[in-house]
Amino acid sequence: VIVQRFAVPFEYPVHFTEEVLRPENRTLVEVIARCEPERRHRALVVVDEGLAASRPGLVEEIEAYFAAHADRLRLAGEVMRVPGGEAVKNDPAHVDRVRTRLYELHLDRQSFVVVFGGGAVQDMAGYAAATVHRGMRVVRLPSTVLAQNDAGLGVKNGISAFGTKNSLGTFAPPFAVIDDFALLSTLSRRDRIAGIAEAVKVALIRDAEFFAWLREKAGDLAALEEDATRWMVRRCAELHLRHIATGGDPFELGSTRPLDFGHWAAHRLEILSENRLRHGEAVAIGIALDSRYSVEAGLLSSGAFEEIFELLGTFGLPRYHELLAERDETGERRVFSGLDDFREHLGGELAVTLLARIGQGIEVHEIDRSAMERSIDWLAGR
Ligand SMILES: NC(=O)c1ccc[n+]([C@@H]2O[C@H](COP(=O)([O-])OP(=O)(O)OC[C@H]3O[C@@H](n4cnc5c(N)ncnc54)[C@H](O)[C@@H]3O)[C@@H](O)[C@H]2O)c1
Ligand SMILES: [Zn+2]
């Protein structure tokens with residue numbers, strides 16, 4: 001036998017800036033040119049329609065930026081617009097269109113795909129870029145709170161297929177990420193609030209102090225106050241990145257996925273609601289449910305649960321949805337198929353993160369469905 005063994009280190013910068021497209025802001029050009037500072041780099045820029053529509057002139061701003069840095073940057077073709085939101089992950093035509101364009105523009109493995117958009121567009125375009133020529137360099141510019149504090153930072157991409165979220169995709173670390181806080185200014189209140197759910201999630205499993213801070217600043221955050229939002233995004237990004245770097249399993253080879261606290265129900269609720277629920281909103285409901293279940297399972301105190309429940313409420317995040325009560329023909333709650341999806345997706349035995357206390361997640365391998373039903377009924381009662 002020959003045992004083949006090698007390790008590949010990964011490294012990518014995550015920058016925090018404001019007004020990344022002002023010509024005098026050098027973040028983007030330096031990020032792209034960081035490995036070959038003398039070369040002129042070709043890029044296809046992909047933008048989220050939702051962002052483009054609410055920021056008229058975005059395409060012109062991008063063109064002007066590339067023109068101002070023409071010594072280092074070159075647009076390989078016209079800026080490409082793709083629909084925003086889950087629609088772009090639900091129809092494979094979009095990923096196909098991006099792949100075709102990358103191929104037809106003769107972009108190579110050293111070329112860049114620069115993506116401005118929410119988590120859905122990041123996931124879709126990242127997947128397209130990861131599979132053309134077996135992977136191109138991706139620079140992500142997340143444009144939602146959720147994408148800046150979570151979806152845009154990590155090593156995963158993908159689209160939805162077979163009626164299941166994220167069932168096609170790859171692990172592909174980006175070349176760089178740039179969080180431009182000013183991009184968030186056009187975001188709807190609904191999407192800004194939805195993104196806070198991921199902050200609550202990471203605080204609950206990792207950082208009690210951050211949770212206390214979220215409680216203290218809940219009013220400011222709910223009012224979309226800028227400094228508080230900026231700090232929340234930043235702290236959440238740090239915790240998320242630290243988990244990927246030091247959690248021991250960046251490519252999820254094992255069957256646990258602690259950052260997906262609350263997500264087994266969330267992913268199912270997104271599908272069951274035909275995406276009327278935003279990812280962040282579904283996560284808030286998933287957090288409420290798995291926190292309540294943690295109480296039912298004797299892991300979490302009801303006092304701690306009340307703090308969580310109340311905080312989600314202060315943000316105006318949903319904590320229950322009637323779809324949780326729906327049953328299929330066999331009398332089983334429809335949402336429970338999310339547990340099966342979750343296990344199948346990761347392989348091995350089921351692993352669900354619950355809470356031992358605020359700031360500390362705990363892995364369990366079994367969910368008692370009648371206790372989960374009681375948790376749903378409890379939430380319904382509230
Ligand atoms: N890959 C990962 O690790 C990971 C992690 C978490 C979530 N996700 C995925 O991210 C997706 C959710 O992302 P999201 O919460 O960013 O929502 P989203 O991408 O669905 O965007 C929400 C809406 O905001 C619009 N939009 C985006 N930026 C805007 C801006 N600046 N101004 C105005 N409108 C804007 C979009 O067009 C869309 O209509 C889900 O598909 C989820 O599965 C992926
Ligand atoms: Zn999520």
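Counting starts at 1 for both ligands and their atoms, in listed order. What you are looking at is a predicted structure, and each value in this text was computed from that prediction instead of being measured.
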> Counting each atom of ligand 1 from 1 as listed, which ones have a heavy atom of G119 under 4.0 Å away?
Replying inline: 10 (O), 11 (C), 13 (O), 14 (P), 16 (O), 19 (O)

> Can you find an N or O of T144 that's nearer than 3.5 Å to an N or O of ligand 1?
Replying inline: yes

> Short N/O distance, under 3.5 Å, between L183 and ligand 1?
Replying inline: yes

>> Under a plain distance cut-off of 3.5 Å, with no hydrogens placed, do N166 and K89 share a side-chain donor-acceptor pair?
In response: yes

> N/O of E86 under 3.5 Å from N/O of ligand 1, yes or no?
Replying inline: yes

> Side chain, backbone, both or neither: which part of Q122 has a heavy atom under 4.0 Å from ligand 1?
Replying inline: neither

> What residue and atom, counting heavy atoms only, is the protein's closest point to atom 30 (C) of ligand 1, and at what distance?
Replying inline: T186 OG1, 3.5 Å

>> Give me the nearest non-hydrogen protein atom to atom 38 (C) of ligand 1 as residue plus atom name, then the distance to 0.1 Å.
In response: G85 N, 3.6 Å

> So which protein heavy atom does atom 2 (C) of ligand 1 come closest to, and at what separation?
Replying inline: A151 O, 3.8 Å

> In terms of residue, atom name and distance, what is the protein heavy atom nearest to atom 35 (C) of ligand 1?
Replying inline: L187 CD1, 3.6 Å

>> Would you say the ring centers of W378 and Y293 fall short of 6.0 Å from each other?
In response: no

>> Test of understanding: given a 4.0 Å heavy-atom threshold, classify the contact between S143 and ligand 1 as side chain, backbone, both, or neither.
In response: both

> Tell me: protein heavy atom nearest atom 24 (O) of ligand 1, and distance?
Replying inline: D191 OD2, 3.7 Å

> Among protein heavy atoms, which lies nearest atom 5 (C) of ligand 1, and at what distance?
Replying inline: D150 OD1, 3.2 Å

> G154 near ligand 1, heavy-atom distance under 4.0 Å?
Replying inline: no

>> With heavy-atom distances below 4.0 Å as the criterion, list the atoms of ligand 1 near A120.
In response: 10 (O), 11 (C), 13 (O), 19 (O), 20 (O)

> Is there a donor-acceptor contact under 3.5 Å linking the side chains of D290 and W264?
Replying inline: yes

> Just checking, any donor-acceptor pair under 3.5 angstrom between side chains of R137 and S111?
Replying inline: no

> Could you give the distance from NE2 (H267) to OG (S337), rounded to the nearest 0.5 Å?
Replying inline: 13.0 Å

> Do the non-hydrogen side-chain atoms of V114 and L44 ever get within less than 4.5 Å of each other?
Replying inline: no

> What protein heavy atom is closest to atom 37 (O) of ligand 1, reported as residue, atom name and distance in Å?
Replying inline: D48 OD1, 2.6 Å

> Mind checking whether R292 and F305 have side chains closer than 4.5 Å, heavy atoms only?
Replying inline: yes

>> My understanding is that we take every heavy atom of each candidate and find the minimum distance to atom 34 (N) of ligand 1. Doing that for A52, G50, P83, which one comes out nearest?
In response: G50

>> Heavy atoms only, cut-off 4.0 Å: how does D123 contact ligand 1, side chain, backbone, both, or neither?
In response: side chain

>> To check your reading of the model: name the closest protein heavy atom to atom 33 (C) of ligand 1, its residue, and the distance in Å.
In response: S54 OG, 3.1 Å

> In Å, rounded to the nearest 0.5 Å, how long is the span from CG of L21 to CG of L28?
Replying inline: 7.0 Å

> Which of the atoms of ligand 1 are close to K165, meaning less than 4.0 Å from one of its heavy atoms?
Replying inline: 40 (C), 41 (O), 42 (C), 43 (O)

>> Under a plain distance cut-off of 3.5 Å, with no hydrogens placed, do D179 and T17 share a side-chain donor-acceptor pair?
In response: no

> Would you say E63 and L75 make side-chain contact, with heavy atoms under 4.5 Å?
Replying inline: yes

> In terms of heavy-atom contacts, does CZ of R134 have more than 12 from other residues, nucleotides or ligands at under 6.0 Å?
Replying inline: no

>> Between I159 and V88, is there a side-chain heavy-atom distance shorter than 4.5 Å?
In response: no

> When rounded to the nearest 0.5 angstrom, what distance separates NZ in K217 from CG in D227?
Replying inline: 9.0 Å

> Is K156 close to ligand 1, meaning an N/O of one under 3.5 Å from an N/O of the other?
Replying inline: yes

> With a cut-off of 6.0 Å (strictly less than), are more than 12 heavy atoms of other residues, nucleotides or ligands near CZ of F10?
Replying inline: yes

> Just heavy atoms, cut-off under 4.0 Å: does E49 contact ligand 1 by side chain, backbone, both, or neither?
Replying inline: neither

> Do L107 and M136 come close enough that some side-chain heavy atom pair is under 4.5 Å?
Replying inline: yes

> Close to the Zn ion (ligand 2), meaning under 2.8 Å, how many protein N, O or S atoms are there?
Replying inline: 3

> Does R34 make a cation-pi contact with F175, if we ask for NZ or CZ under 6.0 Å from the ring centre and within 45° of the axis?
Replying inline: yes

